[in-house]
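Values below: every heavy atom of this structure, side chains too, minus hydrogens, waters and symmetry copies.
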Amino acid sequence: MSAFFSWLAQLPALAQVPIVILAFSVVVGAILFFVEIAPRSGRLYTIIRLAVCVLAPLLILLIANSYTWAIIGAGVLGLGFFYIDYRARKGAGYLFQLVGFLAPAVILLGIGLVIPTIQTTVQAFMSARGDRFVGLDNFAWIFTQPENVRIVLNTIVWVLIVPTISTIAGLAYAVFIDKSRGEKYFKILVFMPMAISLVGASIIWRFVYTARPADQEQIGLLNQLVVMFGGQPVDFLSVSPFNTLFLIVILIWVQTGFAMVVLSAAIKGVPTEQMEAAELDGTNAWEQFVNVTVPGIRSALVVVLTTISIVSLKVFDIVRTTTAGSNETSVVANEMYTQFKNFEQGRSAAFALVLFLLVLPIVVYNARQIKKQREIR
């Protein structure tokens, strides 16, 4: 196994990619065939399932180049998974079925989320090299340096402005085009930015904001308009604090389509009987919107606001692509990457923990709202 990986590492990068993809596809295809497609009865299938349950952990653990632990792990994990799967298929016990169903998800969740979270939390209290405990020094550095405080405030500004404007714009657009002729085409126009990556959207808007000297032809749309009306070119991405607002416009442009689609679907789910009853009561269009439509789409509004808020908190691509955090435009996610690139792992982890603490209230609020909706139903 180690010889295979050594041989693979010696190949050119372009040659490694198709080999890795092919190997991954073969493994996934084999597992799906033996577990899902192959006949599910008889001794042959039992032997095949046993082989898959043993060989899969063995293959994973062999990558660590520890044959002893590979054999032990394959024996314990493989036989354990096989026993759980066998008992569940025989209908023996809810516990076996539950464990057999949740085990892959729990393992992946632990490897991909729980363990990195614990490691990052520990690293936030360590030095740059991670060789000594420094307590709260990294957090003190964040909240005592003016530039770092500005970074945190910029992130808060993003999360206050982007969800509010995106949701209002998306809701207004969804209401105005609801049941109109050409509705699907109007939706496509607004939703199109969602099909563009944040890096692509940032490059597009960077050209829009581009400024050249006054004696040269302007290639930026905004500065061309400014010059046409007799003004002087403005470097929109260098003028603080307005440059942060210009960057915020990019995310609003992207997220408005998401808000519009979700809220438009929610509006169509509002019972027509309620709208007709409100109309018979003599209410005007605004009163129907406030008293009938908004309460009817409250759960969708919560989902849209919380989703866009989380996207705004962890925004990285836009800032990195347009300004790289210069001119007081940096945010927590960008600074986390910057510190990591500068080999300041402790400070990078501290920024990551601050970002986690900022996201946590939004996630908790969203979970509570979902719980309330379930109780109502």
Side-chain angles (χ1 to χ4, degrees), residues 146-174 176-177 185-261 308-338 341:
E147 59 271 18
N148 293 332
V149 175
R150 180 58 180 266
I151 290 170
V152 176
L153 291 177
N154 282 346
T155 305
I156 295 174
V157 169
W158 276 80
V159 78
L160 289 177
I161 295 179
V162 175
T164 303
I165 297 181
S166 297
T167 303
I168 293 175
L171 178 59
Y173 195 83
F176 290 143
I177 68 171
Y185 300 108
F186 295 141
K187 287 183 177 179
I188 290 173
L189 291 175
V190 178
F191 190 74
M192 280 177 60
M194 280 292 296
I196 306 173
S197 67
L198 290 180
V199 173
S202 303
I203 293 174
I204 292 172
W205 279 89
R206 187 172 181 178
F207 280 113
V208 172
Y209 293 142
T210 298
R212 283 187 171 183
D215 57 343
Q216 298 182 15
E217 183 180 359
Q218 300 298 318
I219 63 173
L221 175 62
L222 286 183
N223 276 301
Q224 181 61 44
L225 293 176
V226 171
V227 172
M228 286 176 58
F229 286 98
Q232 294 295 318
V234 179
D235 192 354
F236 293 98
L237 298 181
S238 299
V239 182
S240 179
F242 300 103
N243 48 7
T244 297
L245 299 179
F246 292 128
L247 297 185
I248 287 174
V249 169
I250 302 174
L251 190 57
I252 293 174
W253 180 66
V254 173
Q255 292 297 321
T256 298
F258 164 75
M260 180 269 300
V261 169
I308 299 179
S309 297
I310 294 174
V311 172
S312 304
L313 276 172
K314 60 187 183 70
V315 64
F316 168 78
D317 314 62
I318 294 175
V319 175
R320 198 71 196 176
T321 304
T322 52
T323 64
S326 60
N327 301 313
E328 299 181 343
T329 58
S330 187
V331 291
V332 171
N334 178 72
E335 194 62 24
M336 178 179 66
Y337 170 78
T338 301
K341 188 179 67 173

Is it true that the side chains of [X] and [Y] contain a donor and an acceptor less than 3.5 Å apart?
{"X": "Thr338", "Y": "Arg320", "answer": "yes"}
{"X": "Thr322", "Y": "Ser202", "answer": "no"}
{"X": "Thr321", "Y": "Asp317", "answer": "no"}
{"X": "Ser240", "Y": "Glu328", "answer": "yes"}

Check: Looking at side-chain heavy atoms only, is the closest gap between Pro213 and Pro233 below 4.5 Å?
Finding: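 They are not in contact (no side-chain heavy atoms under 4.5 Å apart), so the answer is no.
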Checklist line | Sole residue of Leu313, Val332, Val311, Leu247 in side-chain contact (heavy atoms from CB on, under 4.5 Å) with Trp158 | finding: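 Filter result, single survivor: Leu247.
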How long is the gap from [atom1] on [X] to [atom2] on [Y], to the nearest 0.5 Å?
{"X": "Leu245", "Y": "Ile161", "atom1": "CG", "atom2": "CD1", "value": "5.5 Å"}
{"X": "Asn154", "Y": "Glu147", "atom1": "CG", "atom2": "CD", "value": "12.0 Å"}
{"X": "Phe186", "Y": "Phe176", "atom1": "CZ", "atom2": "CZ", "value": "13.0 Å"}
{"X": "Ile151", "Y": "Asn334", "atom1": "CD1", "atom2": "CG", "value": "8.0 Å"}
{"X": "Gln255", "Y": "Met260", "atom1": "CD", "atom2": "CE", "value": "12.0 Å"}
{"X": "Met336", "Y": "Lys314", "atom1": "CE", "atom2": "NZ", "value": "10.5 Å"}

If you compare all heavy atoms of [X] against all heavy atoms of [Y], which two are closest, and at what distance to 0.1 Å?
{"X": "Trp205", "Y": "Trp253", "value": "NE1-CE3, 3.1 Å"}
{"X": "Ser166", "Y": "Ile252", "value": "OG-CA, 3.5 Å"}
{"X": "Ala201", "Y": "Ile196", "value": "N-CG2, 3.5 Å"}
{"X": "Ala259", "Y": "Ile308", "value": "CB-CD1, 4.2 Å"}
{"X": "Gln218", "Y": "Thr210", "value": "OE1-O, 4.3 Å"}
{"X": "Val315", "Y": "Ala333", "value": "O-CB, 3.4 Å"}

Margin query: Assess the residue pair Asn243 and Thr323 against the criterion (side-chain contact (heavy atoms from CB on, under 4.5 Å)); give the C-alpha distance rounded to whole Å, side-chain angles, the decisive distance to 0.1 Å, and a yes or no.
Written below: CA-CA 9 Å; Asn243 48 7; Thr323 64; 5.9 Å; no
Notebook entry, point to check: Under the salt bridge (charged side-chain N to carboxylate O under 4.0 Å, His left out) test, which residues partner Arg212, sequence neighbours left out?
Noted result: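 Checked Arg212 against salt bridge (charged side-chain N to carboxylate O under 4.0 Å, His left out); zero matches.
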Notebook entry, point to check: Under 6.0 Å from the CD atom of Gln216, do we count more than 12 heavy atoms belonging to anything else shown?
Noted result: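 Result for CD/Gln216: enclosed.
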Checklist line | Atom CZ of Arg206: over 12 foreign heavy atoms under 6.0 Å | finding: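 Counting neighbours around CZ of Arg206, 12 or fewer heavy atoms of other residues, nucleotides or ligands fall under 6.0 Å, so no.
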Margin query: The test is side-chain contact (heavy atoms from CB on, under 4.5 Å); show your working for Leu237 and Asp235 and say whether it passes.
Written below: CA-CA 6 Å; Leu237 298 181; Asp235 192 354; 4.3 Å; yes
Checklist line | Phe242-Phe236 aromatic ring centre distance below 6.0 Å | finding: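 Centroid distance Phe242-Phe236: not below 6.0 Å, so no.
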Item checked: Mutual orientation of the aromatic rings belonging to Phe246 and Tyr209 [parallel < 30°, tilted 30-60°, perpendicular > 60°] ->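 Geometry flag for Tyr209 against Phe246: tilted rings.
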Margin query: side-chain contact (heavy atoms from CB on, under 4.5 Å) for Ser312 and Leu251? Distances and angles first, verdict last.
Written below: CA-CA 8 Å; Ser312 304; Leu251 190 57; 3.7 Å; yes
Check: Taking only residues two or more places apart in sequence or in another chain, which ones pass side-chain contact (heavy atoms from CB on, under 4.5 Å) with Leu160?
Finding: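 In terms of side-chain contact (heavy atoms from CB on, under 4.5 Å), with neighbours along the sequence ignored, Leu160 is linked to Ile156.
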Check: Are Val331 and Phe316 close enough, and set up right, to give a side-chain contact (heavy atoms from CB on, under 4.5 Å), and what steps lead you there?
Finding: CA-CA 8 Å; Val331 291; Phe316 168 78; over 6 Å; no
Notebook entry, point to check: Where the side chain of Thr167 meets the backbone of Thr164, is there a donor-acceptor pair that is under 3.5 Å apart?
Noted result: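 Absent.
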